[in-house]
Amino acid sequence: MQYFTEQAPTHREVMDRIRIKYGERAKILTQKSIRMGGFMGLFAKEGIEIAGYISQEPMNAKRYDVEEEKKKILRDVKSDQTLAQVLQEVQAIKHKIESEASKPKFEEPNPSIAKLQDLLSDNDFSPSYVQKMVAKIKHDLTLEDLADYRLVQATAMNWIGESVSIYREKPRATPRILVLVGPTGVGKTTTIAKLAALYGIGNSRKKAKTVRMLTIDNYRIGARNQIETYGEIMNIPVSCVETIPELKQKLALYSDVDLVLVDTIGKSPKDHLKLAEMQELIEACGEQAEIYLALSATTKTSDIREIVTQFEPFKYRAVVLTKLDETMRIGNIISILSEKQKSLLFFTTGQNVPQDIERASVPVLLKHLEGFKVNWDYVEKKFSDGAEEDAKVLEWS
Ligand SMILES: Nc1nc2c(ncn2[C@@H]2O[C@H](COP(=O)(O)OP(=O)(O)O)[C@@H](O)[C@H]2O)c(=O)[nH]1
Ligand SMILES: [Mg+2]
């Protein structure tokens, strides 16, 4: 019997390699985490090693090909055989094929897969996300693996975590201009106030940054009171602009501050004309402006998809997920952000200014999934790469 051992950085890559090299006859025996590459024991990365053997069993019986069988019989026909005999054999084959085809093709769903599907649906993952997950599980796990529902859950949790992307780009330009766009009521103004307090109020450990708050109100709603109140409490100047010249004038005045936090006011994202105007205003903030989409974790699946697309023209860099404290079903958010390849910057977790904001992290998001029985220490460890660096993004010192 031929045995094999293959290694790669991820389980999926090892499985792909095995399928390519050995085909469907490859049978998995063991798998383990290993350290790969590196130089004299340094810089090695985590990887997976899978060992197995090549099965000698024949592959699934080939389907009957009537034409092929006919030719074969005709080839084998001896001079003394009558055509009637040949036809009889052809008839027999035809009959066999028809009876095979009429057999019901009912496939019992695997119990672990059925349970996982329910678990994912209960967490509001989108049908297409669930479908992809099930296809991956079926492809990568053996039948023995599938019998172990804890392993199935752990594998699923791993993939869910891998499908979440955290925004990691460091701000470079000064002043840092941070703009929040998004539907009304998601928590943009509250988040701006949290960030203003976080950066603008110093303490014994960190020096305060010079912060300005700017509201773009091209809807002329005049709803500035909320942010002005925050500004007064924190002693951070607040201004409001409605046109591009006003905006440019303000930004020129702010050229030597550390951080300009730009809040936007809107009525309905369906107001396309106003949205286009808002987009022009934000473009006037310049290339260095970091635009982020504020999205509430409580948004309905169909609305998330619409919002994520509708604000696309703003070229937002990442998503600030708000109101994470209000829901434990965030599968829809994970599904759509992964589908649209959007990453996460901050989570906001309550109405308290400034404390209810944190750097986005995969484990925190995964802990908002319900009903998964997995080893949380492992999840935490696996997705903690760069967490310290991430915390610094919030500190920004
Ligand atoms: N539970 C919860 N409520 C929030 C959060 N962020 C904002 N809110 C509340 O959501 C409401 C709308 O917030 P606001 O900042 O005015 O939203 P905006 O229209 O996007 O500016 C207010 O009542 C906020 O207190 C959050 O993270 N969690
Ligand atoms: Mg607001």
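Hydrogens, waters and symmetry mates play no part in the numbers below; they use all other heavy atoms, side chains included. Both ligands and their constituent atoms are indexed starting at 1 by order of listing. Numbers here simply count residues along the sequence, with the first being 1.
Under a 3.5 Å cut-off, the side chain of T322 and the backbone N or O of L295 do form a donor-acceptor pair. Remark: the backbone N or O of R329 is not paired with any side-chain donor or acceptor of E370 at under 3.5 angstrom.
For the pair K188 and ligand 1, the shortest N or O to N or O distance falls below 3.5 Å. Below 3.5 Å of separation, one finds no N or O of L324 facing any N or O of ligand 1. Polar contact with ligand 1: absent for D263 (N/O pair, distance under 3.5 Å). For ligand 1, the polar-atom distance check against T189 finds a nitrogen or oxygen pair separated by under 3.5 Å.
At a cut-off of 2.8 Å, T189 coordinates the Mg ion (ligand 2) through an N, O or S atom.
Listed by atom number, the atoms of ligand 1 under 4.0 Å from Q226 heavy atoms are 14 (P), 15 (O), 16 (O). In the vicinity of Q351, heavy-atom distances shorter than 4.0 Å reach the ligand 1 atoms 2 (C), 3 (N), 4 (C), 9 (C), 23 (O), 24 (C), 25 (O). Proximity to V186 (heavy-atom distance under 4.0 Å) selects the following atoms of ligand 1: 17 (O), 20 (O). Within the listing of ligand 1, atoms 7 (C), 13 (O), 14 (P), 15 (O), 17 (O), 18 (P), 20 (O) sit less than 4.0 angstrom from a heavy atom of G187.
The protein atom (non-hydrogen) at minimum distance from atom 27 (O) of ligand 1 is T348 OG1, 2.6 Å. Scanning the protein for heavy atoms near atom 19 (O) of ligand 1, the closest one is G185 N, 2.7 Å. Atom 8 (N) of ligand 1 has its closest protein heavy atom at K323 CE, 3.8 Å.
To the nearest 0.5 Å, the span separating CD1 on I357 from OG1 on T190 amounts to 10.0 Å.
Side-chain N/O atoms of T142 and D145 include a donor and acceptor closer than 3.5 Å. Side-chain contact check for S239 and Y254: at least one donor-acceptor pair (N or O, by modelled atom type) lies under 3.5 Å.
The side chain to side chain donor-acceptor pair (under 3.5 Å) check on T299 picks up nothing, with sequence neighbours excluded.
Between Y292 and Y167, the ring planes lie perpendicular to each other; the angle is over 60°, past the 30° to 60° tilted range.
Residue contacts with ligand 1 include D325, since one of its heavy atoms falls under 4.0 Å from the ligand.
The heavy-atom pair separating R150 from K373 by the smallest distance is NH2-O, 3.9 Å.
Of the options I137, D122, V130, a side chain to side chain contact (heavy atoms under 4.5 Å, CB included) to Q117 is made by V130 and by none of the others.
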